[in-house]
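Naming convention: chains lettered A, B, ... in sequence-line order (proteins, then strands); numbering from 1 in each chain.
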There are 2 protein chains.
Amino acid sequence: MPVTRHIPESTIRRISHYLRALEILESQEATTVSSEELAQRGGTTAAQVRKDLSHFGSFGKRGLGYSVAELADRLRDILGLKCRWRVVLVGAGRIGSALFEYPYFVQRGYDCVAVLDSDPEKIGMSWGPVRIRPVEELELVISSLKGDIVILAVPPEAAQDLADRAVEAGVRAILNFAPVQLRVPAEVHVTYVNLVLELEALSFAITQAGSRT
Amino acid sequence: MPVTRHIPESTIRRISHYLRALEILESQEATTVSSEELAQRGGTTAAQVRKDLSHFGSFGKRGLGYSVAELADRLRDILGLKCRWRVVLVGAGRIGSALFEYPYFVQRGYDCVAVLDSDPEKIGMSWGPVRIRPVEELELVISSLKGDIVILAVPPEAAQDLADRAVEAGVRAILNFAPVQLRVPAEVHVTYVNLVLELEALSFAITQAGSRT
DNA sequence: TCCTGTGAAACGGTTCACAGCC
DNA sequence: GGCTGTGAACCGTTTCACAGGA
């Protein structure tokens, strides 16, 4: 693989969509697909599809399109889906529980190898094959189970401290559900899921549209 | 309010962060704040704060900064948080259940007024004051309860059809948790929460960083 | 002919720098 | 002097348009 320059975040998100579309095409036993069709299924434009893919190489055949199976394979490679990832879930509340059972994680290669919580009532409970452990063991769990990704599904007050500890223990990727901006070293990647913020974006949009009349 | 031009989505998201920061400042009884301080707490730059706010008017005093209480009030106004929103939750699975109990929704003015599901085992169950209703009643529920926002927490196969029906029933905002791109008329606003995609962005980032050595 | 891959142009958002007001 | 508000410069992403290979 050539030394990749900086790839826009937006490109990565679209690549995920393309892969999803390709998997549907695979199940329909389509063998080739054009940038045009991929664009429609991914919710973007043909030029955008080609530009996105060009960051990573030339996977298509001129005049013909892309091989569905081959492109899907390359995209899985790009997104790092060729291996299984070890996820440590911190927070066994409602959100944590929903994520633990979320079927698409396992399907995509993300295995939740441990669950931690601070609530003595929850500690020791078994969720399937996983026993809930005290949050004090975070460092131990990360290092002994070789966790790649930490999911924080905890109250906002607790998030920064837990993030610091996870980073210290060697984690380089955090998916944060707590509605706070985390401060982490530059080499650590954080993505945010802020549920209230998404609703606020909607109520803003409705309010705006309404006031235009 | 002047007829607002197009406001970048990113600005709205930052405004949400500013409001969160202002509320913390309010609780600490701070009275004024500079764009510089707001930027630090919101995870951006001072110039960006000023630019973001300038889309909506001039709320600060030169040489002095912004009044915390006044700015918070204006931002609530902008985000449409001055009223309560009526949310219809479709899907009473793990995710739906977590969202229903999510405390920050109510706190911000989003009330879940109805829950629907297609599973006969769930229909009729009571979640607090709300009884789970069959998904067939979607249109009825939206019109009788005057739903403003629909949250889709359903399997991907079901999402498009439910979105169509919700739009038909008059909903103008959808928060979609199903991992599919929805096709809706331009005047309907959709925001996506795609959990797998967030993890994929992380595994891509880790893979990239690793391969650079 | 068809469709990809890619420089070049266009666009939009961010950053800069400073005028203007407290 | 201090800090906001904003046009202008900058920069990264998207779109265009076409060269080039199946």
All salt bridge (Lys or Arg N to Asp or Glu O under 4.0 Å) counterparts of A:Arg86, not counting sequence neighbours: none
Interatomic distance where CG belongs to A:Leu53 and C1' belongs to C:dT4 [whole Å]: 10 Å
Nucleotide C:dG7, atom P - distance to CZ of A:Arg50 in whole Å: 14 Å
Bounds of contact between DNA chain D and chain A, in 5' to 3' order, using a heavy-atom cut-off under 4.0 Å: D:dT13 to D:dA22
Counterpart residues, salt bridge (Lys or Arg N to Asp or Glu O under 4.0 Å), relative to A:Asp52 (two or more places apart): A:Arg14
side-chain hydrogen bond (donor to acceptor under 3.5 Å, both in side chains) partners of A:Arg183, counting only residues at least two apart: none
Sub-4.5 Å side-chain heavy-atom contact between B:Gln107 and A:Val196: no
side-chain hydrogen bond (donor to acceptor under 3.5 Å, both in side chains) partners of A:Glu137, counting only residues at least two apart: A:Arg133
Nearest-angstrom distance from the residue atom CZ of B:Arg14 to C1' of C:dT15: 12 Å
Contacts of type side-chain hydrogen bond (donor to acceptor under 3.5 Å, both in side chains), residue A:Ser97, not counting sequence neighbours: B:Arg94
Residues from residues 59-66 of chain A lying under 4.0 Å of DNA chain D - heavy atoms: A:Arg62, A:Gly63, A:Leu64
Please tabulate, one pair per line, all N/O donor-acceptor pairs under 3.5 Å involving side-chain atoms of residues 57-76 of chain A, not counting sequence neighbours.
from	atom 1	to	atom 2	distance (Å)
A:Ser67	OG	A:Glu70	N	3.1
A:Arg76	NH2	A:Glu23	OE2	3.4
A:Arg76	NH2	A:Glu26	OE1	3.3

For A:Glu139, all residues meeting salt bridge (Lys or Arg N to Asp or Glu O under 4.0 Å), sequence neighbours excluded: A:Arg165
For B:Glu9, all residues meeting salt bridge (Lys or Arg N to Asp or Glu O under 4.0 Å), sequence neighbours excluded: B:Arg13
A:Leu79 backbone acceptor or donor facing B:Ser203 side chain under 3.5 Å: yes
Nucleotide C:dG7, atom C1' - distance to NE2 of A:His55 in whole Å: 13 Å
Nearest-Å distance for atom pair CD1/P, residues B:Ile7 and C:dT14: 12 Å
Of A:Ala47 and B:Gln48, the one whose closest DNA chain C nucleotide lies more 5': A:Ala47
Phosphate OP1/OP2 of C:dT14: any B:Ser10 side-chain N/O under 4.0 Å: yes
Residues that B:Asp111 engages under side-chain hydrogen bond (donor to acceptor under 3.5 Å, both in side chains), provided they are two or more places apart: B:Arg84
Interface residues of residues 15-46 of chain B with DNA chain C (non-hydrogen, below 4.0 angstrom): B:Thr45
